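So the structure is just underneath, and the comments pick up after that.
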Amino acid sequence: MARRRLALPAVLLFAAGALAATGCGASESGAGGGTPEAGGELTFALASDPGCVDPQQQGNNDAIYPARQLVDSLTDEDPETGDIVPWLAESWEVSEDARSFTFHIRDDATFSDGTPVDAEAVRANFDSIVELGARAALGSSYLAGYEGTTVDDTHTATVTFAEPNGQFLRATTTFSLGLLAEATTSLPPEERCTDNIVGSGPFVLDEYRPNEVVVETRREDYAWGSSLWRHEGPAYLERLTFEVIPESGVRTGALRSGQVDAIGGVAPQDEAGLDDGGFTVQSRVNPGLPFGLTANISRPAVSDQAVRRAVLLAIDRQEVVDTVLSPSFRPATSTLAHTTDTYLDLSAELTHDTAEAERLLDEAGWRPGPDGVRVKDGEPLTLTVLWAENFGPNENALQLIQQQLRAIGVDLTLRSTSIAEFTALREEGDFDYTWGNATRTDPDILRTQFSAGLVNVARLPDGSPLEEALQAQNAVADPEARAEHSAAAQRLVLEEAYSVPVFELTTVLGIADHVHDLDFEASSRIQLHDTWVS
Amino acid sequence: MARYVAWRLAQSALVLWAAFTVAFAALYLLPSDPVSIMAAGGGEANAVSDEQIADLQRVHGLDRPLWEQYLDRLGNALTGDFGLSVQTGDPVTEVIAEALPGTLQLAGAALVLAVAGGAGLALLATWTRARWLRQVLLSLPALGVSAPTFWVGLLLVQLVSFRWGLLPAFGQEDWRALVLPAVTLALPTGAVLAQIFARSLRTALVEPYADTARAKGASRARVHFGHAAPNAAVPPLTVTAVLLGNVLSGSVVVETVFSRSGLGRTTAAAVDAQDIPLVLGIVAFGAAVYVVANLLVDLAHPLLDPRVTVGGPAVAA
């Protein structure tokens, strides 16, 4: 999900020059230059409190940064190519039916308590994630249909599923399936939240004080990093301090005044100022579902494909990005964000064409009414969108979309709710659209979102052509075959306009000049093993 | 006296019970429940199965009939057991105990500043003979009451910490990091105290006993500080408990702006996550603080004003 913000008044003091478009946009990789030096510390300002520093129990927002540094994953994903590459596992085999996955684990890795990272540890971890259930929401959904892990020999483990699970290999790159020592996995969930997190990662948890700070120190004997990293051996930084600073203006000020070295959750209006002030604004688009509207097709008005298509064509994505976001953001160009594996460029389908939108509505029998809102059989074309403030600019973006739809005679009503109540209200179904996004590197998020047996936000009936494509992409292991089915699914969602993607969520960091090689991994979270300070 | 205290204690118990019950009803009237919120991970579409959610609801007893949950939670609360936080699984009492020191420090410092600043301002405003200064001083509290805490906090942090680099903007180990949040939190409270105290001082200074003192040759300072001030202190004292409540609720905003951990932030997070046991624990704790403060103020009353006697409801005052 996106960065959380307290529902406090729009930041009063920092609005100056908010959205002035600057030529210098964002860079995709950390500021390089010079020879890395070992040593030193980094203080990073987090936008929200982790709540729990167990990567397996953590949710999916930026507060994952500290937990990510504590664990290694079986595999890693190349952010550029989407390829799965070795990390703890040196190699792996996947059965053709995508039901069984064998991992050959390197024999030199240890957890920070000295116990070995071996096949037994893999089994203990996956068993305990399934056991955690709803407490490990992400991990247990990646492991849906888990039959068990067999220990073939000390360093070979085979994970099997009752049903094909094509997304599982990429899931092993995530923090949610990062490996923890038995000292952690054997504990009940509540005892492994603020303490007792023993991983094999380049940093070790020193202290976590909720709503305040997470402190981690370097693991001196670390030597089993991901094959993607810039250097081998222990991390350069000796110590990491993650300060929890909820207010975006305070984070920016703390960076500018040198009280922290880098910050997360840079508000769009603060970007230009940081750029001009000699700081690096570094960004990467989050993979997964872009922010957008998803139709509830059980409702009469949007059960009509013409209405949904008209909404899709009436939205001017570029205007949304230019007006309420920043140069770091991009309009959506497909059902998936362009950093997602198997992304298919469908920008030709996502055009802004009000004439065509109006033609579709005319044809469907929605005629202009007296107050500009279209009417059919005496019913005005009023659509309700349910949304929560899980991302600061949501409200402004939706207000602009409201105006854009109004121009073709569609009256959009914004129904806001708290993040807490969003899910419950979504299940009630009393709306025409929901507004939201999801960060995932694997296209299987489409199945999670649209499959009749899962979340099914659009309330599609079972057995639709989309359902077929969604099931097919998870039923094969071959990447090319998966890409084909995923492409079909992305195309179908837009053709039917079940979902109207608007903009890609972007992770934006502000970094001081003396910090180098602060890298994004494939899910746009930070990886600090190669980071150094001068 | 004993009878009066017993009567007040009974009243206090009633207030505590009512606060607990209203909070319980409010939490259960919400359309969501803490387990689904946790599984949803901030509004994203997560594919957590219904069985998994039901499992966790069972663990937290959320599947039982409402009246059973209510009686159970109330009964346990009486023994000081508020159960486990749904978010972290830690005992609620432990979570509160861990969050408390940060807030106590902040609220304590703010109260000291508010009392010293508020009383000082009121004394100065009524003491000065310069008409313009009096006008300026008397208009300050209105400004302090009306300036939003959030805005004041951001302004202070921008100027003092970011521009002038005098004090840190966050952190809890260093006493210097306490200055700005304490000032921010003290401002509205001190302003209210100053308003009430200045008004009652002005009234006291024209009372007949003040004239009598002057006629007997008491100095201006003696009349002001020795005779009028103690009498004028009664009205501000009676609102102290209310102000304590203000300080506690103000800590939610101040702790957020100054990135401090404490009861305010814990409360905000617990409400967000609809962490029923934790919210109930915090409500009970807050109500208890309020009730005890009120009781202490009432008991201290006769010490300041001999005309006030404490007695039970049946005793004629």
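Below, read A as the first sequence line, B as the second, and so on, with proteins coming before strands; counting in each chain starts at 1. These figures come from a predicted structure and were not determined experimentally.
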Heavy-atom cut-off 4.5 Å, strictly under: side chain, backbone, both or neither for [X] against chain A?
| X | value |
| --- | --- |
| B:R163 | neither |
| B:D55 | neither |
| B:P168 | both |

Just give me the residue among [options] that pairs up with chain B most often, heavy atom to heavy atom, under 4.5 Å.
| options | answer |
| --- | --- |
| A:I245, A:T434, A:D54 | A:I245 |
| A:A424, A:G253, A:S257 | A:G253 |
| A:G288, A:A136, A:A254, A:C193 | A:A254 |

Checking heavy atoms, do the side chain of [X], its backbone, both or neither come under 4.5 Å from chain B?
| X | result |
| --- | --- |
| A:E191 | neither |
| A:L425 | side chain |
| A:Q259 | both |
| A:A388 | neither |

Does the distance from a Lys or Arg side-chain N to an Asp or Glu carboxylate O, for [X] and [Y], drop under 4.0 Å?
| X | Y | value |
| --- | --- | --- |
| A:D49 | B:R265 | no |
| A:R440 | A:D442 | no |
| A:E207 | A:R209 | yes |

Checklist outcome for this item: Scored by heavy-atom pairs under 4.5 Å with chain A, the best of B:V271, B:D90, B:L56 is B:L56

Indicate whether the side chain of [X] and that of [Y] have a donor and an acceptor atom separated by less than 3.5 Å.
| X | Y | result |
| --- | --- | --- |
| A:D270 | A:T252 | yes |
| A:Q167 | A:N165 | yes |
| B:T21 | B:Y70 | yes |
| A:E243 | B:S259 | no |

Item to check | Listed partners of A:N196 passing side chain to side chain donor-acceptor pair (under 3.5 Å), at least two apart | outcome: none

